[in-house]
> 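I am attaching a structure below and will ask some questions about it afterwards.
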Amino acid sequence: MNKVEQSWYKPISLINIVLLPLSGLFWLVSSVRRWMFRIGIKSSYKASVPVMIVGNIGIGGNGKTPFVLWLVPYLQSLGLKVAVISRGYGAKPPHTPYKVSDDSTAELAGDEPLLIYKRLGCDVVIGGDRKASIEYLITHNEPDIIVSDDGLQHYQLDRDIEICIVDNERRFGNGLLLPAGPLRETPKRLKSVDLTVFNGSIKEDGYSLNTTGIYSVKTGARVTQFEPKGIAVSAIGNPSRFEKSLSANGVTITQSKHFADHHMFTEQDFEIYNKSNIFMTEKDAVKCQSYAKDNWYFLRVDAVPSEGLVNKLHNLLDRKGIITHGV
C-alpha cells in the first residue's frame, strides 16, 4: 500500500482533507451516471438468464473471491449450471470474450479468474464487455445462472441479485469516497442490495475464512512437512489478514514484501530471496507456478458461511424464482 491507501484505514488526516475536493467530484460524476441509468437516459443490458453480482463498495481486499469459490459449488448443489464472468483485471487475453481453459495463464486470464477456474472447473469468461461475455456463455455453454465476479457499479449490466461483500474488520475505512477514502459508493448503497455479507463475521449475515492447509506452489499438492519459517510475499488488497493467518498456522514470518494488488509476478521479483522459503496466497500462487521452487508454499483459505447466511441466500434464490421452492 502507498501512503494514500494506508491513510484510508486510519483517522482522517491532512492528506485525506486535501483529497476531499476530488472525492466530491468523484461523487458527483458517479451519482449523475447512476441517475442516468435509473431514469432511462442510459439503458442496461438484461440477460436471458439470471445474473448475480458479487461485488463491494470499496477497493479490494474484502474477501470477495473466497466467497465466489464457495458460492458457485453451493449453486451447483441446487441443480444449477453455473458460469462466471469477470473483467479480468490486468489480463492480456488474445481476444475477448476469452474463455479460461487448462492452457490459460494468469497473464492471459488474470489471477482471480484463473484461480476460480483451477479450483472449480466451471465455465469462466473474462472481458471488459460483460454483455459480450454473457452472450458468449449463453450461446456456447447454456448456463442456468451467471455469477459476475465484481461489477456492482457496472450499471450497464442489469442484475437479478446483488450481493455486497464487506470486510468485517476494516469495514468502510475512514468512510470517504475515492481518492480521500477507499469507497466507490457510500454505505447508503447497502440499503439497495439484496444481501450484504460480512467477511470475518460468524453471525447470520457473515462467513469466516478458514485455512485448510499449506500447499506447494509448484505442484499444487498439500504439504505436511516443511520448514515453518520464511518470507511472506503478497499482491493482494489486505496483506495483513494473510500474514495473521500464516502466523496463526505456525509460520514464522522473517520478512514481508507487499506488491500492488494483482501485481503480475516474474522470476526477477524473487531473485533477492535466494533460497529462502516463500509463503504466498493462493491467488498469487497461480501466477508463479511455472517457475516456482520446491520451497514455495501457499496458504489455502475457504469461506465458511453461517447457517443464517445460507438460509438467507436460499430464500433469496427462491423468492427471485431462480430455484423452485423446497429445493
Side-chain angles (χ1 to χ4, degrees), residues 51-75 82-93 96-130 133-134 136-137 143 146-154 157 163-167 182 184 197 199 207 209 211-212 215 217 220 233-239 241-242 245 258-266 280-290 292 298-303:
V51 172
M52 177 185 291
I53 300 277
V54 179
N56 47 57
I57 61 171
I59 294 292
N62 293 290
K64 175 175 51 62
T65 300
F67 182 77
V68 171
L69 290 171
W70 170 82
L71 175 65
V72 171
Y74 173 73
L75 294 173
V82 188
V84 177
I85 62 170
S86 172
R87 176 187 171 192
Y89 185 88
K92 296 179 181 178
T96 57
Y98 174 78
K99 187 177 182 182
V100 185
S101 70
D102 292 339
D103 298 324
S104 297
T105 63
E107 288 82 5
L108 293 176
D111 50 12
E112 291 172 352
L114 184 60
L115 170 57
I116 292 169
Y117 175 79
K118 281 182 171 291
R119 259 284 203 116
L120 306 179
C122 65
D123 297 318
V124 181
V125 170
I126 71 164
D129 186 342
R130 288 174 171 84
S133 295
I134 289 174
Y136 177 92
L137 282 166
I146 293 174
V147 174
S148 177
D149 181 24
D150 212 356
L152 194 63
Q153 291 77 34
H154 189 77
L157 175 61
I163 298 177
C164 182
I165 308 297
V166 177
D167 186 322
R184 292 181 280 192
V197 179
N199 167 24
Y207 64 92
L209 287 177
T211 57
T212 51
Y215 289 71
V217 176
V233 179
S234 58
I236 56 177
N238 187 4
R241 182 179 10 181
F242 160 62
S245 295
H258 303 157
F259 292 83
D261 196 10
H262 301 287
H263 173 75
M264 199 59 64
F265 287 106
T266 65
M280 59 181 63
T281 68
E282 188 175 7
K283 188 177 85 166
D284 290 329
V286 298
K287 296 178 282 190
C288 306
Q289 186 174 23
S290 63
F298 70 85
L299 180 68
R300 173 167 165 164
V301 297
D302 290 293

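Computed from a predicted structure; not experimentally measured.
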> Can you name the nearest heavy-atom pair linking Pro97 to Val125, along with the distance?
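Closest pair (atom of Pro97, atom of Val125, distance): CB-CG1, 3.6 Å.
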> Tell me, yes or no, whether the heavy-atom count around Arg241 atom CZ, taken from other residues, nucleotides or ligands under 6.0 Å, exceeds 12.
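Counting other residues, nucleotides and ligands, CZ of Arg241 exceeds 12 neighbours.
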> Nearest 0.5 Å please: distance from the CZ atom of Phe242 over to the NE2 atom of His258.
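Phe242 atom CZ to His258 atom NE2 measures 8.5 Å (nearest 0.5 Å).
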> CD1 of Ile236 to CE of Met280: how many Å apart, nearest 0.5 Å?
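Spacing of CD1 (Ile236) from CE (Met280) equals 11.5 Å.
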> What pair of heavy atoms forms the shortest contact from Val217 to Ala292, and how long is it?
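Taking Val217 first and Ala292 second, the nearest heavy atoms are CG1-CB, 3.6 Å.
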> When you compare the side chains of Asp123 and Tyr117, does any donor N or O come within less than 3.5 Å of an acceptor on the partner?
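Judged by distance alone, the side chains do not pair up.
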> Angle class for the Phe265/His263 ring planes (parallel below 30°, perpendicular above 60°, tilted otherwise)?
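If you compare the ring of Phe265 with that of His263, the planes turn out perpendicular.
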> How long is the straight-line distance from CD of Glu282 back to CG of Asp284, given to the nearest 0.5 Å?
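Between Asp284 CG and Glu282 CD, I get 10.5 Å after rounding to 0.5 Å.
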> One pair to check against salt bridge (charged side-chain N to carboxylate O under 4.0 Å, His left out): Asp129 and Arg87. What are the steps and the verdict?
CA-CA 8 Å; Asp129 186 342; Arg87 176 187 171 192; over 6 Å; no
> Tell me, do Leu137 and Ile146 make a side-chain contact under 4.5 Å, heavy atoms counted?
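Yes, close enough: below the 4.5 Å cut-off.
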> Quick one: are Asp302 and Leu209 in side-chain contact, heavy atoms under 4.5 Å?
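No, every pair of side-chain atoms sits at 4.5 Å or beyond.
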> For the residue pair Leu157 and Ile134, establish whether any side-chain heavy-atom pair is separated by less than 4.5 Å.
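Yes. Closest side-chain heavy atoms under 4.5 Å.
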> Just how far is it from atom CG of Asp111 to atom CD1 of Ile116, taken to the nearest 0.5 Å?
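The CG atom of Asp111 sits 9.5 Å away from the CD1 atom of Ile116.
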> Identify the two heavy atoms, one from Pro113 and one from Ser86, that lie closest to each other, and give their separation to 0.1 Å.
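For Pro113 versus Ser86, the nearest heavy atoms are CG-OG, 3.5 Å.
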> Mind checking whether Val197 and Phe67 have side chains closer than 4.5 Å, heavy atoms only?
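Touching, per the 4.5 Å side-chain cut-off.
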> Once side chain to side chain donor-acceptor pair (under 3.5 Å) is applied, do any residues pair with Lys64, and if so which ones, sequence neighbours excluded?
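Listed in chain order: Asp149.
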> Where is the tightest heavy-atom contact between Ile126 and Ala109, given as atom of each residue plus distance?
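Shortest heavy-atom contact: CD1-O, 3.5 Å.
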> Ignoring hydrogens and angles, tell me if any N or O in the side chain of Asn56 forms a donor-acceptor pair with the backbone of Val166 under 3.5 Å.
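Absent.
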> Walk me through it: do Asp103 and Leu108 pass the test side-chain contact (heavy atoms from CB on, under 4.5 Å)?
CA-CA 10 Å; Asp103 298 324; Leu108 293 176; over 6 Å; no
> Please round to the nearest 0.5 Å and tell me the distance separating atom CG of Leu71 and atom OH of Tyr207.
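Answer rounded to 0.5 Å: 10.5 Å.
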> Go through the steps to decide whether Val147 and Val54 satisfy the test side-chain contact (heavy atoms from CB on, under 4.5 Å), and finish with yes or no.
CA-CA 7 Å; Val147 174; Val54 179; 4.1 Å; yes
> Quick check against the 3.5 Å criterion: does Arg300 have a side-chain atom that pairs as donor or acceptor with the backbone of Thr212?
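No, because the side chain of Arg300 does not come within donor-acceptor range (under 3.5 Å) of the backbone of Thr212.
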> What heavy-atom pair brings Leu69 and Leu120 nearest, and what distance separates the two atoms?
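Heavy-atom minimum between the residues: O-CD2, 3.7 Å.
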> Kindly indicate, with the supporting measurements, whether the criterion side-chain contact (heavy atoms from CB on, under 4.5 Å) is fulfilled by Ser148 and Arg130.
CA-CA 9 Å; Ser148 177; Arg130 288 174 171 84; 3.9 Å; yes
> Working to the nearest 0.5 Å, report the span between CG of Asp261 and CD1 of Ile59.
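Output value for this atom pair is 9.5 Å.
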> Does either side chain, that of Tyr98 or that of Ser104, offer a donor lying less than 3.5 Å from an acceptor on the other one?
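Side chains of Tyr98 and Ser104: pair found under 3.5 Å.
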> Got Asn238 and Asp167 here, is their nearest side-chain heavy-atom distance under 4.5 Å?
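When only atoms from C-beta onward are counted, Asp167 and Asn238 do touch, with a gap below 4.5 Å.
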> Any idea which heavy atoms bring Asp150 and Ile53 closest together, and the distance?
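Between these two residues, the closest heavy atoms are O-CG2, 4.2 Å.
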> After noting the C-alpha distance and the side-chain angles of Leu152 and Ile57, does the key distance pass the side-chain contact (heavy atoms from CB on, under 4.5 Å) rule?
CA-CA 8 Å; Leu152 194 63; Ile57 61 171; 4.0 Å; yes
> Do the rings of His262 and Tyr89 sit parallel, tilted or perpendicular, given the 30° and 60° boundaries?
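Aromatic pair His262/Tyr89 classed tilted.
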